[in-house]
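Here the structure comes first, spelled out in structure tokens, and everything after it is commentary.
Residues take their numbers from the sequence shown, with the count starting at 1. These numbers come from the heavy atoms of this one structure, side chains and all, not from hydrogens, waters or symmetry mates.
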Amino acid sequence: MKYSSFHNLDYTNKYTEQDDREGLSVLRWSMFDCPHLGLGSGKRYMERIPVMILDDICREERLRPNVALGYVSKSYADRHSLPVRDSHRVGLAVKLKTSCSRIRFKYMRSLIVRGVSRIRISREYIYFDVDDLKEMGLFVS
């Protein structure tokens, strides 16, 4: 189950709402959770840079992202045929669902201004990663 920025969670004693919001203005770490690992996996395994970049963009542009994919575990990635070197496996990539071209443009513009050099855009999604081991580019599919 993926969460939008409007999601309501049943927090526990081990993972509280304060943990979920730590260091973020708009986003919650649980938005980046792996569906197989559950609550708290986004905070434990997602790299800070892509999350902080997205949080800054959402605050500045007043956007509420629908995170389609953040960190994924090996079992989830294998089950969904993600390549071995997919950046989601190491918490360096974010895939956002949005069908509005104006919103996709705002994300793209803001990502470029912040130095993100790998962005993929389709009719329904915008993807970015901060994986230095991959070729930079703007990809349209």
- Message: Holding to side chain to side chain contact (heavy atoms under 4.5 Å, CB included), I want the full list of residues that pass it with S99, two or more places apart in sequence or in another chain.
- Response: E124

- M46 side chain near H88 side chain, heavy-atom distance below 4.5 Å: no

- Message: I'd like to check W29 versus L24 (side-chain heavy atoms, cut-off strictly below 4.5 Å). Are they in contact?
- Response: yes

Give the table of side-chain donor-acceptor pairs shorter than 3.5 Å for residues 133-141, with sequence neighbours excluded, one pair per line with atom names and distance.
{"residue": "K134", "atom": "NZ", "partner": "R85", "partner atom": "O", "Å": "2.8"}
{"residue": "K134", "atom": "NZ", "partner": "S87", "partner atom": "OG", "Å": "3.3"}

- Task: Test I121 against M108 for side-chain contact (heavy atoms from CB on, under 4.5 Å), laying out the working first.
- Result: CA-CA 8 Å; I121 300 171; M108 181 185 68; 3.3 Å; yes

- Task: Check whether L63 and Y125 end up in the same hydrophobic cluster, where Ile, Leu, Val, Met, Phe, Trp and Tyr are linked by side-chain heavy atoms less than 4.5 Å apart.
- Result: no

- Task: Could you name each residue pair satisfying salt bridge (Lys or Arg N to Asp or Glu O under 4.0 Å) that touches residues 109-121, not counting sequence neighbours?
- Result: D56-R114, E60-R114, E61-R109, R118-D129

- Item | Side chain to side chain, K97 and V67, heavy atoms closer than 4.5 Å | no

- Query: Does a donor on one side chain and an acceptor on the other come within less than 3.5 Å for D78 and S75?
  - Reply: no

- Side chain R64, main chain V26, donor-acceptor under 3.5 Å: no

- Message: I need the D20 CG to M31 CE distance, nearest 0.5 Å.
- Response: 9.5 Å

- Nearest heavy-atom pair of P50 and V130: which atoms, and what distance? CD-CG2, 3.7 Å

- Looking only at heavy atoms, the pair that brings C34 and S73 closest together is SG-N, 3.3 Å

- Message: Tell me whether Y45 at atom OH has more than 12 heavy atoms from other residues, nucleotides or ligands lying less than 6.0 Å away.
- Response: no

- CG/D86 to CG/L92 distance, rounded to the nearest 0.5 angstrom? 10.0 Å

- Query: Once you round to the nearest 0.5 Å, how far does OH of Y127 lie from CG of L96?
  - Reply: 11.5 Å

- Distance (rounded to the nearest 0.5 Å) between L111 CG and I119 CD1: 4.5 Å

- Tell me, do F32 and L27 make a side-chain contact under 4.5 Å, heavy atoms counted? yes

- Give the intermediate values and the outcome of side-chain contact (heavy atoms from CB on, under 4.5 Å) for residues K43 and R48. CA-CA 9 Å; K43 186 173 183 182; R48 301 301 187 242; 4.2 Å; yes

- In Å and rounded to the nearest 0.5 Å, what is the CD1 to OH distance from I126 to Y107? 8.5 Å

- Heavy-atom closest pair (P35 atom, Y76 atom, distance to 0.1 Å) is CG-CE1, 3.6 Å

- Task: Quick one: pull up NZ in K14 and CG in L39 and give me the separation to the nearest 0.5 Å.
- Result: 12.0 Å

